[in-house]
Amino acid sequence: MTRQQPFSGRPQDLPTKAELARLRVEYEKDERLAYLGHLEVIATVERCVRRAGLPFSIGNGFARRMRLQFSGALPVGASSACEYYDIRLTERVDAREALGLLRAATPPALAPTRAAYVPGADPALEAWLDRSSWEVELVASPVGAALIERAVESLRARGTLTYLRGEREKTVDLASTLVGVSAVDAPCGSVRLRVETRSGERASLRLRALVDAALAETGRGMPDAVRVRRVAQRHEEDGRLVEPL
């Protein structure tokens with residue numbers, strides 16, 4: 001369906017957020033944008049929603065911001081095939097039409113891939129999405145897949161991982177945050193890892209910190225580069241994994 005007139009994008013508040021249409025959008029963060037910060041991503045998406053002409057809602061707080069919620073921030077240096085945001089709309093627009101408008105208004109490196117409506121009263125994305133799948137590539141790795149797997153398991157057996165985040169020391173419980181890891185040798189001396197993690201209220205596991213600690217455990221040196229990409233996000237409920245869309 002093609003609309004004769006574009007959306008004005010003019011905010012019209014409803015009494016509660018739960019009464020507003022809640023459109024969930026899946027988008028990619030291209031590898032070229034791995035070092036783009038989360039606040040910069042938020043600002044870019046806000047501009048894209050405005051350019052798309054969607055009838056977004058504005059919050060009632062002092063700042064009067066667009067009602068836009070994101071999944072948990074990616075670590076700096078990581079790309080993703082599956083980031084999400086929820087936008088509250090004052091008018092229910094066909095999800096396929098909204099996706100087309102957003103695609104036309106968004107840079108290809110942050111391209112939306114899917115969109116669907118979800119219940120307005122569902123929990124916030126950042127808290128609800130508590131399981132992530134990651135792919136890590138060690139380019140020209142000094143260690144093979146079997147050795148890096150053993151190093152990760154050795155770290156897990158100790159129970160916790162302590163590392164510096166900025167100038168602050170952070171400790172995470174690997175028993176609760178590290179679900180599983182597997183590794184395979186790849187062409188040109190590289191190693192590819194698949195890592196499953198769980199986040200919670202207290203802490204989440206930084207993939208680069210885990211990989212750096214595992215490489216240090218082997219004592220063999222560092223690879224030429226470490227590439228981290230999130231490939232899935234889900235919600236864990238009663239032993240099963242629930243998809244966001």
Side-chain angles (χ1 to χ4, degrees), residues 1-14 16-120 122-129 132 134 228-235 243-245:
M1 178 180 72
T2 302
R3 291 180 174 259
Q4 298 299 318
Q5 297 293 331
F7 298 117
S8 66
R10 194 170 295 167
Q12 299 174 14
D13 288 331
L14 294 179
T16 66
K17 289 196 298 184
E19 294 176 300
L20 297 167
R22 183 178 180 180
L23 183 69
R24 177 162 297 167
V25 179
E26 179 187 74
Y27 68 99
E28 296 182 351
K29 187 179 182 186
D30 188 86
E31 290 182 1
R32 295 181 296 110
L33 298 184
Y35 289 91
L36 186 68
H38 189 57
L39 293 179
E40 294 169 298
V41 171
I42 292 174
T44 301
V45 169
E46 285 184 346
R47 290 194 295 270
C48 295
V49 171
R50 292 179 187 275
R51 282 199 298 266
L54 294 177
F56 60 86
S57 174
I58 295 291
N60 294 318
F62 177 78
R64 302 284 293 169
R65 295 184 179 277
M66 184 185 295
R67 281 187 164 127
L68 184 64
Q69 292 181 327
F70 285 77
S71 52
L74 274 171
V76 174
S79 62
S80 177
C82 55
E83 297 305 290
Y84 299 90
Y85 62 83
D86 287 349
I87 179 73
R88 303 278 181 162
L89 303 178
T90 59
E91 176 187 345
R92 193 179 182 93
V93 181
D94 180 79
R96 289 174 296 180
E97 183 182 357
L99 178 61
L101 291 168
L102 287 168
R103 279 178 173 166
T106 304
L110 290 174
T113 53
R114 294 189 295 166
Y117 285 97
V118 297
D122 277 3
L125 269 171
E126 187 173 8
W128 188 72
L129 289 174
S132 290
W134 307 83
V228 178
R229 184 170 178 82
R230 181 148 58 188
V231 294
Q233 292 194 76
R234 303 180 184 90
H235 171 66
E243 298 290 338
L245 290 172

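One is the number of the first residue; the rest follow in order along the sequence.
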Output for pair (Leu110 CG, Ser80 OG), nearest 0.5 Å, gives 10.5 Å

CZ (Arg229) and CG (Leu74) are apart, to the nearest 0.5 Å, by 9.5 Å

d(Met66 CE, Ile58 CD1) to nearest 0.5 Å is 6.0 Å

**Message:** Looking at Arg22 and Pro119, would you say the former's side chain and the latter's main chain have a donor-acceptor pair under 3.5 Å?
**Reply:** yes

Checklist entry - With distance as the sole test, does Ser57 use its side chain to make a donor-acceptor pair with the main-chain N or O of Arg88 at under 3.5 Å? => result no

What one should report as the nearest heavy-atom pair of His38 and Ala73 is CG-CB, 3.5 Å

Here the pair of heavy atoms bringing Leu23 nearest to Ala115 is CD1-CB, 4.2 Å

**Q.** Backbone of Leu36 reached by a side-chain donor or acceptor of Lys29 within 3.5 Å
**A.** yes

Note: Ala116 and Leu245 closest approach over all heavy atoms is CB-CD2, 3.7 Å

dist Asp122:CG -> Gln69:CD (nearest 0.5 Å) comes out at 10.5 Å

N/O donor-acceptor pair under 3.5 Å between Arg47 side chain and Ala105 backbone: no

Query - Donor-acceptor contact below 3.5 Å, side chain Thr90 vs main chain Pro55 - result: yes

Contacts of Tyr85 meeting ring-ring contact (aromatic ring centres under 6.0 Å, His included) (sequence neighbours excluded), chain-then-number -> Tyr27, Phe70

#### Entry: side-chain contact (heavy atoms from CB on, under 4.5 Å) assessment of Asp94 paired with Tyr117
CA-CA 9 Å; Asp94 180 79; Tyr117 285 97; over 6 Å; no

| task | Assess whether atom CZ of Arg51 is packed by more than 12 heavy atoms of other residues, nucleotides or ligands within 6.0 Å. | result | yes

Output for pair (Arg103 CZ, Thr113 OG1), nearest 0.5 Å, gives 7.0 Å

For Ser132 and Trp134, the nearest pair of non-hydrogen atoms, with its separation, is CB-NE1, 3.4 Å

Applying salt bridge (charged side-chain N to carboxylate O under 4.0 Å, His left out) to Glu26 and not counting sequence neighbours gives Arg114

Tested for side chain to side chain contact (heavy atoms under 4.5 Å, CB included) against Phe56, the lone hit among Arg50, Glu46, Arg67, Glu91 is Arg50

